[in-house]
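Not measured: the values here are computed from a predicted model. One-based numbering, in listed order, for ligands and for the atoms of each.
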Amino acid sequence: MPASNLAPDWLTFPADPNALREPLWPEGVARNGDGEVAVHGIAVSELAAEYGTPLYVVDEDDLRSRARAFRDAFDEAFADLAGGVDVYYAGKAFLTVDVARWVTEEGLRLDTCSGGELAVARRAGVPAANLSLHGNNKSVAEIEAALTMGLGRIVVDSLDELERVGRTAERLGTTGSIMLRLTPGVHASTHEFIATAHEDQKFGLSMVDDDGASPAQRAVAFALEHPRLELLGVHAHIGSQIFEASGFAVAARKLLAFTAAVKAEHGVELAEMDLGGGYGIAYTEADTPRPAGELAAAMAAVVRETVAELGIACPRISIEPGRAISGPAGFTLYETGVQKTVAVEAGESTLPRRYISVDGGMSDNARPVLYEADYTAVVANRVTESDAIVSRVVGKHCESGDIVVRDVYLPEDVAAGDLLAVPATGAYCWALSSNYNYLARPAVVAVRGGASRLMVRRETEDDLLARDMGA
Ligand SMILES: Cc1ncc(COP(=O)(O)O)c(C=O)c1O
């Protein structure tokens with residue numbers, strides 16, 4: 001069977017549709033002697049029988065080792081720079097009490113972006129000093145909670161919020177340790193970045209002059225004068241799915257130049273600089289992520305060179321990877337249901353496209369709908385000799401855009417009841433899940449040391465009705 005003209009350019013016809021392509025799968029995943037996908041020896045059919053489908057499966061060792069890899073790579077790359085480095089796991093990607101504990105045990109700090117995420121972190125026993133709080137519109141209650149627990153740092157997003165944090169700290173009689181989130185005008189994704197003067201988006205303090213000073217400069221002046229605010233440094237997050245260090249390098253240079261300007265104007269050396277998250281992962285064969293060490297070395301080189309040029313002390317560096325730690329450690333297991341094949345007009349001719357429905361969809365993975373994100377899939381409960389044909393995996397929701405995998409070659413003999421596994425769903429899938437169409441959110445299962453255990457149980461019908469006051 002030849003490659004289909006309906007396939008996008010990046011999708012190659014697989015030599016073996018049963019293959020688990022690198023680097024899409026967690027370390028502990030392989031086909032077992034029966035040809036089934038297994039996680040540390042546990043076959044997916046066992047997981048499906050015990051926990052049901054759809055099911056989020058997390059390879060705990062894999063997640064932990066990715067966390068360690070970031071920590072080690074950045075520690076090593078920045079070892080000669082006086083300030084040192086902290087890795088904050090961006091909890092928004094995937095946060096449960098277990099995950100908060102795992103990353104803490106692996107020596108990472110934890111970045112949260114709401115009172116809810118803070119509550120998870122606290123329940124996990126993460127020390128307040130290791131936590132940061134993000135968000136462009138933190139409530140007074142969230143700010144109060146952060147100040148009361150003595151949070152390591154609040155990343156302040158605007159002048160309004162700066163005043164609010166200052167007022168709240170005064171009222172509580174505490175001091176708030178803050179970073180200022182700046183918009184250095186760099187937007188990066190995959191292999192490219194663009195640098196613009198203005199930032200037409202909701203986050204952060206602009207660095208562009210506005211009537212004599214930039215909002216970022218005004219924020220520094222305000223924070224330095226405020227008796228209840230301790231200004232730690234500056235922060236920038238430039239995008240997501242970034243594979244090259246060049247965007248981070250431009251942002252680092254801009255933040256360091258800003259830090260030098262603060263020193264010149266106020267005589268204060270800012271102690272910290274955060275370069276955000278956004279490290280890319282492989283969702284499909286088209287993605288080519290770099291090892292953390294490569295990016296870390298390139299970033300350290302730029303920081304080393306720039307602080308020397310500017311004659312400033314090297315601030316303590318921090319980064320906030322999310323998907324790069326949890327994304328590739330997880331996959332989603334679905335059971336297949338109905339199928340149909342449609343004829344799609346392609347120039348003069350029509351070509352077949354097969355739709356395979358699964359028992360989940362946009363409620364367990366919103367990324368294809370939100371960002372037109374691409375994924376891939378394999379038949380997980382068996383191997384097959386049958387030809388691969390271009391297919392679209394869709395969910396069971398009442399939306400025609402409810403696509404799980406837009407384009408993938410899957411064996412012709414996929415039948416109702418087969419298990420499909422979609423890799424790289426460990427980040428921004430459970431975190432973005434919903435109850436659309438009153439589907440119960442799937443369970444999350446961790447596999448480690450040849451044993452599986454429930455991290456989050458599947459929702460029940462009672463859960464779905466629990467807040468309905470008419471029920
Ligand atoms: C401020 C900030 N830091 C870190 C992250 C994590 O990004 P990623 O999961 O792509 O590494 C995000 C994601 O949106 C973010 O907004």
Would you say [X] contacts ligand 1, with heavy atoms under 4.0 Å as the rule?
X    : answer
G276 : no
Q241 : no
G278 : yes

For atom 5 (C) of ligand 1, the protein heavy atom that lies nearest, with its residue and separation: H237 CE1, 3.5 Å

Closest approach of any protein heavy atom to atom 2 (C) of ligand 1, naming residue and atom: K92 NZ, 3.4 Å

Pair Y56 and F94, ring centroids less than 6.0 Å apart: no

Validation row, ring centre H134 to ring centre H235 under 6.0 Å: yes

Below 3.5 Å, N or O to N or O, backbone or side chain included: is there any such pair between [X] and ligand 1?
X    : value
A324 : no
E320 : yes
Y428 : yes
A93  : no

Give a yes-or-no answer on whether the side chains of [X] and [Y] include a donor-acceptor pair shorter than 3.5 Å.
X    : Y    : result
S318 : D86  : no
Y436 : E399 : yes
Y89  : R66  : no

Those atoms of ligand 1 less than 4.0 Å from some heavy atom in [X]:
X    : result
G322 : 8 (P), 9 (O), 11 (O)
R323 : 8 (P), 9 (O), 10 (O), 11 (O)
P321 : 11 (O)
R181 : 1 (C)

Ring geometry between H226 and F222 (parallel below 30°, tilted from 30 to 60°, perpendicular above 60°): tilted

Aromatic plane relationship, H191 with F243 - under 30° parallel, 30 to 60° tilted, over 60° perpendicular: tilted

Heavy-atom side-chain proximity of M299 to F74 below 4.5 angstrom: yes

Cation-pi check, R367 onto Y375 ring (under 6.0 Å, within 45° of axis): no

A90 contact mode with ligand 1 (heavy-atom cut-off under 4.0 Å): side chain

